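The first residue in the sequence is number 1, and the count goes up from there. Scope of the values below: all heavy atoms of this structure, side chains included, with no hydrogens, waters or symmetry mates. Just so it is clear, the structure is predicted and the values come from calculations on it, not from any experiment.
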Amino acid sequence: MVTSRTSKTSWIIATVLVSIAVLVCLTPLIWMILGAFKRNMDVIDPTKLFSLDFTLENMRHLLGSKDFFDPLWNSLTLTGGSLLMSLAFGLPAAYAFARFRMRKASSIILVIRMIPAMTFMLPWFIMFRTMGIAKTHLGLLLAFTVSSLPLIIWIMMPYFQSIPYDITESARIDGASEAGTFAKIILPLSLPGIMTVSILTVIGVWNNFLFVMILGGTKQRTLPMQLMNYIGESSQQWGKLLAAATVITLPLILIAVFMQKYIVSGMTSGAVKG
């Protein structure tokens with residue numbers, strides 16, 4: 001009886017704490033979405049925080065502006081292109097590290113992942129300018145790809161190691177090459193892990209502001225950079241800013257909601273060896 005009461009009390013406390021944490025995390029998001037449908041002065045008026053006096057003016061201005069769709073296209077192309085390039089280089093590299101037990105190399109990858117991205121900005125800018133690709137889409141694609149590789153390799157290495165060696169050995173006995181085994185057997189078995197690194201790469205590139213600001217030009221402006229247009233020295237367009245932020249955040253929210261199972265399974269499957 002005492003144990004039952006203790007368990008019930010612990011459950012109530014845990015529920016309250018989790019509810020408070022969720023509320024704290026969701027409050028800025030709710031405020032952003034509500035502000036996207038309010039007039040500029042109503043956004044900063046605390047008495048109208050939960051006002052039902054909504055307007056579609058901000059969304060009409062945003063979706064009817066060419067200045068929004070050009071950065072949207074840049075964000076889509078840079079995110080999609082860097083994802084494909086990162087997977088094309090990162091997955092074979094992670095498999096090679098896992099297959100041949102390159103522990104020192106994996107440690108170096110982890111150290112590189114821990115280095116702040118700002119450290120690479122000046123060397124990259126000088127290299128890209130020398131190569132003639134500074135302030136181009138190609139330069140940004142290379143920067144995003146290089147920055148994404150450590151994460152992909154770090155996550156996929158233990159995942160590849162968790163696949164039983166007997167499976168690959170049987171394929172080689174049947175005459176499959178190393179590349180064929182990787183493409184036809186390893187990759188399909190590693191789909192949850194690949195989905196995980198793909199989602200994390202997309203989120204990282206989609207939200208990236210630093211690389212575009214330093215390595216990109218006016219023709220490479222992405223959606224996070226475009227938000228700066230709504231903040232001036234003397235006035236701020238809060239409604240339009242929050243509307244743009246809502247549109248930018250919406251794809252990531254959908255990814256987090258519908259792809260959560262892949263993230264969880266992908267992060268945990270590699271921790272258990274088969």
With a cut-off of 3.5 Å and sequence neighbours excluded, list every side-chain donor-acceptor pair involving residues 75-84.
| residue | atom | partner | partner atom | Å |
| --- | --- | --- | --- | --- |
| S75 | OG | P71 | O | 3.2 |
| S75 | OG | L223 | N | 3.0 |
| T77 | OG1 | W73 | O | 2.9 |
| T77 | OG1 | N74 | O | 3.0 |
| T79 | OG1 | S75 | O | 2.6 |
| S82 | OG | L78 | O | 2.7 |
| S82 | OG | T79 | O | 3.1 |

Salt bridge (charged side-chain N to carboxylate O under 4.0 Å, His left out) contacts touching residues 69-81 (sequence neighbours left out): K66-D70
Any pair counted as salt bridge (charged side-chain N to carboxylate O under 4.0 Å, His left out), so long as it reaches residues 84-100, sequence neighbours left out: R99-E178
Listed partners of F144 passing ring-ring contact (aromatic ring centres under 6.0 Å, His included), at least two apart: F211
Distance-only donor-acceptor pairs under 3.5 Å for side chains of residues 16-30, two or more places apart:
| residue | atom | partner | partner atom | Å |
| --- | --- | --- | --- | --- |
| S19 | OG | T15 | O | 2.7 |
| T27 | OG1 | L23 | O | 2.6 |

Please name all residues satisfying side chain to side chain contact (heavy atoms under 4.5 Å, CB included) with [X], sequence neighbours left out, ordered by chain then number.
X: L63; result: F68
X: S170; result: none
X: L187; result: L91, F182, I194

By salt bridge (charged side-chain N to carboxylate O under 4.0 Å, His left out) - contacts of R221 (at least two apart): none
Side-chain donor-acceptor distances from residues 123-130 under 3.5 Å, at least two apart:
| residue | atom | partner | partner atom | Å |
| --- | --- | --- | --- | --- |
| T130 | OG1 | I126 | O | 2.8 |

In residues 244-256, what donor-acceptor pairs under 3.5 Å come from side-chain atoms, sequence neighbours left out?
| residue | atom | partner | partner atom | Å |
| --- | --- | --- | --- | --- |
| T246 | OG1 | L242 | O | 2.7 |
| T249 | OG1 | A245 | O | 2.6 |

Cluster companions of F89 among Ile, Leu, Val, Met, Phe, Trp, Tyr (side-chain spacing under 4.5 Å): L149
hydrophobic_cluster_shared for V43 and M41, side chain cutoff 4.5 Å: yes
